[in-house]
Amino acid sequence: MLTEINFDGIVGPSHNYAGLSLGNLASAKNFGKVSAPRAAALQGLAKMRANLERGLPQGLFLPQRRPDEAWLNLLGTTVEDASPTLRANALSASSMWAANAATVSPAPDSADGRCHLTVANLATMPHRSHEWRETLAQLQIAFANSEHFAVHAPVPPPFGDEGAANHMRLCAGHASPGVEVFVYGVAGGPFPARQHREASEAVARIHRLTPERTVFARQSDEAIAAGAFHNDVVAVANERVLFTHELAFADREALYTQLREKLPEIEIVEVPAAAVSLADAISSYLFNAQLVTLPSGEMALVLPGEARETPAVWQWLEAHVAGNGPIRHLFVHDLRESMANGGGPACLRLRVVADPDAVNPRFIATPGKLDRIEGLVARLWPERIAVEDLSDPALWRACLEARAALCAELGLSELDRASF
Ligand code: SUG
């Protein structure tokens, strides 16, 4: 049976605040702060466990091998000799934000009746541009069943592709054909536009989507300039509901009209700027919530603690739930460590609509498996990393060993190799 599975990226042992993401205000603001990788990973695992307990199928992706020595070698250097900046780029734990791993088009949307996944090239940011090789390797193992899945290599640069964070799917129910919305940005503002229209168009072709059910929408320049470096910071969709900030899109009326034509049952829940400013929406990550359908059929938002701490946001949410809106439940999680780098609940997961039995079970979470991962994280993940620690060989060794132990624990030691 086709159902939505959320695959969360496990936070890697090298999680740190090196301020690498221009245009991501949280990353810039927290540059130089001491990180807590162990707490970060445990926070992410607690969210996975809670979603599993809510009756939602849960998958996982492994953190990538860091430092990425193979990438430094391609640049003619080594972890010992690299400049501090290059070394920080090679040590980033940014693959935790699985919403940027790939774009996913479920089987009912594709001409060949398979679920298509195209790995994102993440070409705009150096620290993320080297994620794709290992992401491709993981997806090829997780979704090896070629009757159900087709896993594609990234679109070639310079066309920047940041994956599902700039893609929304609207449908009557997960298993019915959907309308896929690709959101791109146009360069010119103070911050880079990380999703290029050419890349989105390529992904739609590769996934063999029907043009009549595919929409390309431009992100508003105002949203990018306010710090919405991905569309999933200002909008999220689930089944027939689009939950969006008023200022998310360049031409919202044209987009809403197209969507209403293509999916008459759509419900657009728009939060006006007068109720929640773009600044509050972005610092609280209201829209970076997971909008999910519970087994009861009701929808819920899985939110970060920052949403409850932002008065305008929490007031809006409480009023919505008290009224007749489609979102019936609010679940709040402490994801402070990821949030401080601009990664909320929705960033940490990649949604795949598929039959869970068709997925390699090594990537499926169970309570027992989460217990084992938690035990290992509590033993082996560094408690804290200051930016100066990134030049300490003992930290590099600790990160490599911790990750190798996780690969072994999950029966995925084939991923514990230096180059992909
Ligand atoms: O790409 N942060 C990530 C956050 C990604 C959030 N993902 C979604 N919105 N789906 C980014 O900017 C932190 C940079 C650092 O390590 O310094 C970082 O890469």
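In listed order, ligands and their atoms are each counted from 1. Residues take their numbers from the sequence shown, with the count starting at 1.
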_Trace of the salt bridge (Lys or Arg N to Asp or Glu O under 4.0 Å) decision for Glu162 with Arg128_ = CA-CA 10 Å; Glu162 306 258 333; Arg128 305 213 61 180; 5.0 Å; no
Protein contact to [atom] [nearest heavy atom, distance to 0.1 Å]:
atom	result
atom 1 (O) of ligand 1	Arg194 NH2, 2.6 Å
atom 17 (O) of ligand 1	Leu20 N, 2.7 Å
atom 2 (N) of ligand 1	Asn341 O, 3.0 Å
atom 10 (N) of ligand 1	Asp232 OD2, 2.7 Å

*Could you name the option among Ser21, Gly343, Cys347, Ala165 that has the heavy atom nearest to atom 12 (O) of ligand 1?*
Ser21
*Going by distance alone, is a donor N or O of one side chain under 3.5 Å from an acceptor N or O of the other, for Ser200 and Gln195?*
yes
Could you tell me whether [X] and ligand 1 have an N or O pair separated by under 3.5 Å?
X	result
Gly19	yes
Trp97	no
Gly342	no
Tyr17	no
Tyr285	no
Asn100	yes
Glu162	no

_Walk me through whether Glu337 and Tyr17 qualify under side-chain hydrogen bond (donor to acceptor under 3.5 Å, both in side chains)._
CA-CA 10 Å; Glu337 283 291 315; Tyr17 298 114; 2.9 Å; yes
Do you know which two heavy atoms are closest between [X] and [Y], and how far apart they sit?
X	Y	answer
Asn238	Arg351	OD1-NH2, 3.6 Å
Leu72	Leu86	CD2-O, 4.0 Å
Ala358	Asn145	O-CB, 3.6 Å

_For Phe7 and Phe61, take the angle between the two ring planes, folded into 0 to 90°, and tell me which bin it lands in: parallel under 30, tilted 30 to 60, perpendicular over 60._
parallel
*Mind running salt bridge (Lys or Arg N to Asp or Glu O under 4.0 Å) on Glu306 and Arg336 for me, showing each step along the way?*
CA-CA 8 Å; Glu306 287 77 353; Arg336 256 163 236 295; 3.4 Å; yes
